[in-house]
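Input: a single structure, listed below in structure tokens.
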Amino acid sequence: MASTPSASDILAFILKVVQAAPTIQGIIGAGVGIEQTIVALVKGFAPSSVPGVDPATIAAQAVQVHNTWHSADSILAPAPAPAPSVK
Amino acid sequence: MKRLLPLLFTLPLLASCGGINVNTPAAQAQAAISTGLTALNDSGTVAIAIVNEVAALHSACQPAPGVCLVSDSQFASFSKEFEAVRDKVDAVVVAAQSASATVGSVQAAIQAVIDEVTAWIKSLGSVTSPTLASNEKSLNSKLVAVKATVGGK
């Protein structure tokens, strides 16, 4: 589910754009397309307001799944000893 | 600055529509995989309840073998099948943690768990108890839900 950045996030973003104005003008002036400029700005957008699932979270969940499914290891029957070979 | 005005209005609009980050296929896949792992963990709790109950039924046999509900050989078979299930669960864990994890790869690994659980339950043969039957039913439905949670085709 997508989330909506807060007003302060948007304000901070606008400030960031304004502060970056000389650089942006330079980029546009250098012939970089408007689309690439937007992409560059979006990449610089602080993602703090956008909930995501980072790899660390998935890794922690994976460990939890492993631990849960292995929690009864000690009570399972041991594998039977292999039959002695007959020579 | 005049040339920047469209940017000032367009970018916040994009952000407010949630078009940044969260709607990318990779982010959606990660969210689905994360939800699937949570559900798989929940399924594990039920699976362990089954293990504990069968182990208790097996232990009850020791002083009075004549009334065994779970014999040594049945418990050994049950244990071996459960280890196979765990191996498949571990494969889900590996798939989910992979940098190239996709909904499809995780879903396929979950399907392997479901298939193995079916064999595991069959290993109990005629062993029955109301709690066991309830937990088996719950586990199957939870695993199907896990697969559906991850989604995809």
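So you know, we letter chains A, B, ... as the sequences are listed, proteins then strands, and number each from 1. What's counted below: heavy atoms across the whole structure, side chains too, no hydrogens, waters or symmetry copies.
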TODO: Below 4.5 Å from any heavy atom of chain A, which atoms of B:Asp90 appear? Answer side chain, backbone, both or neither.
DONE: side chain
Open item on the list: I'd like to check the salt bridge (charged side-chain N to carboxylate O under 4.0 Å, His left out) partners of B:Lys88; sequence neighbours left out, ordered by chain and number.
Closed with: none
Task: Contacting moiety of B:Ala31, where chain A heavy atoms sit under 4.5 Å - done: both
Open item on the list: So for B:Val85, is it side chain, backbone, both, or neither that comes closer than 4.5 Å to the heavy atoms of chain A?
Closed with: side chain
Task: Pairs satisfying ring pair (Phe, Tyr, Trp, His ring centres under 6.0 Å), at least one member in residues 80-116 of chain B, at least two apart - done: B:Phe82-B:Trp120
Open item on the list: Taking side chain as everything from C-beta outward and backbone as N, CA, C, O, which of these in A:Asp73 sits under 4.5 Å from a heavy atom of chain B? Side chain, backbone, both or neither.
Closed with: both
Task: Heavy-atom check, side chain of A:Leu76 versus side chain of B:Arg86, under 4.5 Å - done: yes
- [ ] Using non-hydrogen atoms and a 4.5 Å limit, figure out which bit of B:Val89 sits close to chain A: side chain, backbone, both or neither.
- [x] side chain
Open item on the list: Between A:Trp69 and B:Ser43 (side chain of the first, backbone of the second, donor and acceptor by atom type, cut-off under 3.5 Å), is there such a pair?
Closed with: no
Open item on the list: Could you measure the distance from the CD1 atom of A:Ile58 to the CD1 atom of B:Ile33? Nearest 0.5 Å is fine.
Closed with: 5.5 Å
Open item on the list: Tell me if a side-chain donor or acceptor on A:Gln61 pairs with a main-chain N or O of B:Leu37 at a distance below 3.5 Å.
Closed with: no
Task: Distance-minimising heavy-atom pair for B:Gly44 and A:Thr68 - done: C-CG2, 3.7 Å
Task: Flag side-chain contact, heavy atom, 4.5 Å: B:Gln97 against A:Pro55 - done: no
